[in-house]
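This one's a predicted model, so the numbers in the text were calculated from it and none came from an experiment. Each ligand, and each atom within it, is numbered from 1 in the order the structure gives. Heavy-atom basis, side chains included; hydrogens, waters and symmetry copies ignored.
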Amino acid sequence: MRLSDLPREGKFGPFGGRYVPEILVPCLEELERAYLELRGNPRFQEELSRYLVEYAGRPTPLYLARNLTRYVGGARIYLKREDLLHGGAHKLNNALGQALLARWMGKKRLIAETGAGQHGTATAIAGAMLGLEVEVYMGALDADRQRMNLFRMRLLGARVHLVESGSRTLKDAINEALRDWAENVRHTHYLIGSVVGPHPYPMMVRDFQSVIGREIREQVLAAEGKLPDLLVACVGGGSNAMGTFYPFADDEGVEFLGAEGGGEGGRHSASLARGSVGVLHGMRTYLLQDAWGQVRETHSIAPGLDYPAVGPEHALYRELGRAEYVAVEDGEALEAFQLLSRLEGIIPALESAHAIYAAIQRARRMPKHAVVVVTLSGRGDKDLDIAMRALGGRDGLDRDR
Ligand SMILES: *Cc1c(COP(=O)(O)O)cnc(C)c1O
């Protein structure tokens with residue numbers, strides 16, 4: 001079995017699938033049919049690449065981080081600069097892809113759910129540019145914590161519904177979005193933001209994000225004349241990581257390393273490194289649950305990593321040993337956040353700082369001719385408040401490492 005041929009019948013080995021109420025099955029079937037047809041349609045693909053180039057700023061650079069490489073003293077470390085994509089993160093690759101798909105399907109309206117507001121913002125950007133109506137469900141508690149993103153989404157023309165039910169966070173927003181979709185599927189597309197949820201979402205989002213890995217392949221071959229030895233990315237739902245890994249899935253010499261939110265004091269969001277198999281949000285995968293199957297509270301300093309499950313394709317990669325997943329703690333990510341800022345003049349998103357930390361640990365033990373590529377999923381401007389509070393004005397940089 002070639003990994004690049006997956007999914008088969010909506011499954012990645014024992015993971016994935018379509019665990020949803022019956023009322024949603026026709027919505028998912030319609031979406032799958034439309035996507036499979038458009039995936040092979042050169043006019044659709046050309047239109048998408050034109051937007052990615054002219055509007056979003058692709059290709060993003062592959063940058064040899066010379067100062068970081070010298071500091072670490074091991075493998076050569078390259079950064080794939082998704083932080084330079086319009087919107088400041090990789091999320092727009094997927095939002096544009098699905099929004100365009102929706103328009104080709106004749107849908108007039110996009111709905112999305114958002115936790116910290118990053119995915120809601122990407123959806124609002126894509127909807128504004130493509131002339132689609134956008135409505136975003138956001139937990140009222142999350143909205144309180146992310147006033148800027150709430151304002152940003154509204155500024156971009158999206159209608160934001162604050163969800164007051166349950167814990168007033170992401171999982172309640174997901175319930176509302178699903179209810180909306182089931183009622184309005186004729187003219188509405190539900191735009192999911194990561195490689196999660198029922199089939200076909202994990203496959204479709206992976207395909208839209210794979211532009212990252214395809215560009216890395218071309219760029220690293222041009223720069224080094226060989227494929228990389230190791231690819232590193234952070235894993236929340238897993239979309240920037242899967243977009244990085246997938247185009248190399250069948251290249252045995254290329255190792256994959258995923259960095260999850262290790263949190264602090266026992267609270268974390270490391271579904272792969274520390275979770276167990278179960279069913280959540282329409283998929284069978286690794287998740288954080290208690291002995292009764294109740295989903296645990298999660299924590300990560302990086303808002304985008306704070307999710308209790310992970311994409312099913314990662315679950316399979318973990319099971320097969322195709323990729324390794326490590327939990328990086330809040331403090332370690334903060335250390336990498338400051339280090340990259342000082343050494344390279346690049347302030348990474350806190351999510352991406354997890355990948356940087358994991359990459360440093362690994363690169364240090366690799367020979368100087370080895371090549372490591374880290375996907376810098378986003379820029380850190382959105383996280384300055386969190387970082388400032390966590391560092392308390394202190395200089396947390398450990399200069400001896
Ligand atoms: C949302 C987000 C993530 C986590 O999402 P994935 O689907 O795991 O990629 C990581 N980095 C940034 C900058 C994000 O905005």
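- Taking Ser341 as the reference, nothing meets the side-chain hydrogen bond (donor to acceptor under 3.5 Å, both in side chains) condition, with sequence neighbours excluded.
- Here the side chains of Ile356 and Leu339 are not in contact, with every heavy-atom distance at 4.5 Å or above.
- Residues Leu6 and Arg8 form a side-chain contact, since some pair of their non-hydrogen atoms from C-beta on lies under 4.5 Å apart.
- Under the 3.5 Å distance criterion, the side-chain polar atoms of Gln45 are matched with a main-chain donor or acceptor of Arg39.
- The cationic atom of Arg322 (NZ for Lys, CZ for Arg) lies less than 6.0 Å from the six-membered ring centre of Phe256 and within 45° of the ring axis.
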Once you restrict both partners to nitrogen or oxygen, which atoms of ligand 1 have a protein partner under 3.5 Å, and how far apart are they?
unit_1, atom_1, unit_2, atom_2, d
ligand 1, 7 (O), Ser194, OG, 2.6
ligand 1, 7 (O), Gly238, N, 3.3
ligand 1, 7 (O), Ser239, N, 2.8
ligand 1, 7 (O), Ser239, OG, 2.7
ligand 1, 8 (O), Gly236, N, 2.8
ligand 1, 8 (O), Gly237, N, 3.2
ligand 1, 8 (O), Gly238, N, 2.7
ligand 1, 8 (O), Ser239, N, 3.4
ligand 1, 9 (O), His90, NE2, 2.9
ligand 1, 9 (O), Ser239, N, 3.4
ligand 1, 9 (O), Ser239, OG, 3.2
ligand 1, 9 (O), Asn240, N, 2.8
ligand 1, 9 (O), Asn240, ND2, 2.9
ligand 1, 11 (N), Ser377, OG, 2.7
ligand 1, 15 (O), Lys91, NZ, 2.6

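- Residues Asn240 and Glu351 bring no donor and acceptor atom of their side chains to less than 3.5 Å of each other.
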